[in-house]
Every structure is written in C-alpha cells, then in structure tokens.
Amino acid sequence: MPFAVVFCVFMLIPLLSSMAMSFTDITSKDLRTPFNVNFVGLDQYITLFHDHRFLHALGVTGIFVLVGLPITMAIALAFAVALNKGSKHLNAFFRAVFYAPVVASVVAVSVVWRYILQKDGLLNSLLAVFGIAGPDWLHDTRYALPALMVMTIWRNMGTLMIIFLAGLQAIPEELKEAAAIDGAPSAASRFRCSSPRCCWEPCSFPSPTCSSSRNPS
C-alpha cells in the first residue's frame, strides 16, 4: 500500500498530467491557472514530428537502445555464466567488482569517464604511447555515441549480470542430473536448462540501458 501511494503521487499522476497537458497550449505562465488553457489536440505532436532535430534525436536514441541493449545483455550473460562456474570464494569478490559501477554516483561516473575520454585524457594518452593520435571522443559526432554506449554498458552491465546469475543459480541440480542420466550432451543440457531462466529473468526487470538512453551521462 505505501508503495502504491508513492508510485501514484510521484509517478502515475505526473505522467498522466503531462500527457493531458500535451494536448493543450499550456505554458509556464499558466501554472497558476492550469485549467484556463485551450485544447489544441494533436497539433503539438504534428509540429514535433516535423522537427528534424527531434527526429534526429529519436533516431540516435533508437540506435543507442537497439545496439547497446543486446551488447549489454550478451556481456552480462557471459560474466554470469563465468561466475556461475567459478570458485565460490572468488564469486562474491567479482560480483562486487562488476556491480560497483551500478551503485556509484552518476556524477562520479560522468567525471571519471570525462577524464578518460576527453581529448587529452587517459585513453588518448595511452594511444599516444603506441603512436596513435586519438580523436575527441566526446565532441566528434562519429565517436560520441559509441563512447557513451561503452560508458553505459560498463555502468549497467552489473545489474543484468546479477539478474542472470540469480536465474542460473535458481536452476535445480536435479534438473541437470536428470538431463545427464537421460544421456543429453553436456553443452546441450546446460543450454536447455539455462536458457528459459536466462530469457525470463531480464523480462521481470526494467532494462537499465533503456533507462539510461534518456540520460546517458
């Protein structure tokens, strides 16, 4: 019940209010009299979709999500499988290491990656050792989006890795033993036992990459 109240007050009501206001000509001057506005229907949406800057931003966001999300999931799954097979003593350490970026402050992450990716930053300094002139990763339109993708994948991978790992560890050992008794090949049995859990677990949690697409920094 408390969660429902908080969700409605801070999420649902503002969302519905914003949608309703988008069909009017309300401005900042009308905040004191929000009902003294005119209904304009879909005019603002029509104007928005004729704005080339909005269409470009929409396309960039689409690329960010459609490319970044599969890569994030693939890397997270690979690490989850490795941790699931690894030493139990080291698993807790590596889980903490991979999950640390998730709990780090967004401001701290942005400052660190800005230091790494700026024109005279750490990455270009390392490339200069090998005689390679690094580009301006954050301001060159050819490299800015991939650079932000790398940062976002690094920051959000830990969440999906933990979800995948929880799914893998929830597979009963009896199921694996039954597959081995039935003579199923080890690789095939691992895949068939693990894939349902790995496919379902991320669906139960909002994708962090999609969330980050609204604010990659």
F94 CZ to M161 CE distance, which is reported to the nearest 0.5 Å: 11.0 Å
Nearest atoms (heavy-atom pairs only) where D120 meets S125: O-OG, 4.0 Å
Contacts of type salt bridge (charged side-chain N to carboxylate O under 4.0 Å, His left out), residue D140, not counting sequence neighbours: R142
Gap separating the CE atom of M73 from the CD1 atom of I163, nearest 0.5 angstrom: 9.0 Å
V9 and its side-chain contact (heavy atoms from CB on, under 4.5 Å) partner, picked from V6, V5, L12: V5
Side chain to side chain donor-acceptor pair (under 3.5 Å) involving W137 - partner list, sequence neighbours excluded: N124
V37 versus T33, closest heavy-atom pair with distance: CG1-O, 4.5 Å
Test item: Q118 and D136 side chains (from C-beta on) under 4.5 Å apart, heavy atoms: no
Sub-4.5 Å side-chain heavy-atom contact between Y143 and L138: no
Please output the side-chain donor-acceptor pairs of residues 53-60 that fall under 3.5 Å, not counting sequence neighbours, one pair per line with the distance.
none

Residue pair L160 / T72, side-chain heavy-atom distance below 4.5 Å: yes
Heavy-atom pair of closest approach, residues F164 and A80: CB-CB, 3.6 Å
With D43 via side chain to side chain donor-acceptor pair (under 3.5 Å) - residues at least two apart: none
Review item, side-chain donor-acceptor pairs of residues 14-24, under 3.5 Å, at least two apart:
{"residue": "S17", "atom": "OG", "partner": "I13", "partner atom": "O", "Å": "2.8"}
{"residue": "S18", "atom": "OG", "partner": "P14", "partner atom": "O", "Å": "2.8"}
{"residue": "S22", "atom": "OG", "partner": "M19", "partner atom": "O", "Å": "2.5"}
{"residue": "S22", "atom": "OG", "partner": "Y45", "partner atom": "OH", "Å": "2.7"}
{"residue": "T24", "atom": "OG1", "partner": "M21", "partner atom": "O", "Å": "2.8"}
{"residue": "T24", "atom": "OG1", "partner": "I26", "partner atom": "N", "Å": "3.4"}

Approximate separation, where rounding is to 0.5 Å, of F49 CZ and L42 CG: 10.5 Å
Euclidean distance, R95 CZ relative to F79 CZ, rounded to 0.5 Å: 14.5 Å
CZ (F10) with more than 12 external heavy atoms under 6.0 Å: no
Pairwise distance CD1(I71) to CG(L66) - rounded to 0.5 angstrom: 11.0 Å
F64 side chain reached by L69 side chain, heavy atoms, under 4.5 Å: no
Pairing residues for N38 by the side chain to side chain donor-acceptor pair (under 3.5 Å) criterion, not counting sequence neighbours: D25
Side chains of F98 and L83 in contact at under 4.5 Å (non-hydrogen atoms): yes
Cluster check V40, L48: I/L/V/M/F/W/Y, side chain < 4.5 angstrom: no
Side-chain heavy-atom pair L148, M151 within 4.5 angstrom cut-off: yes
Exercise: identify the closest heavy-atom pair between A76 and M157: CB-O, 3.7 Å
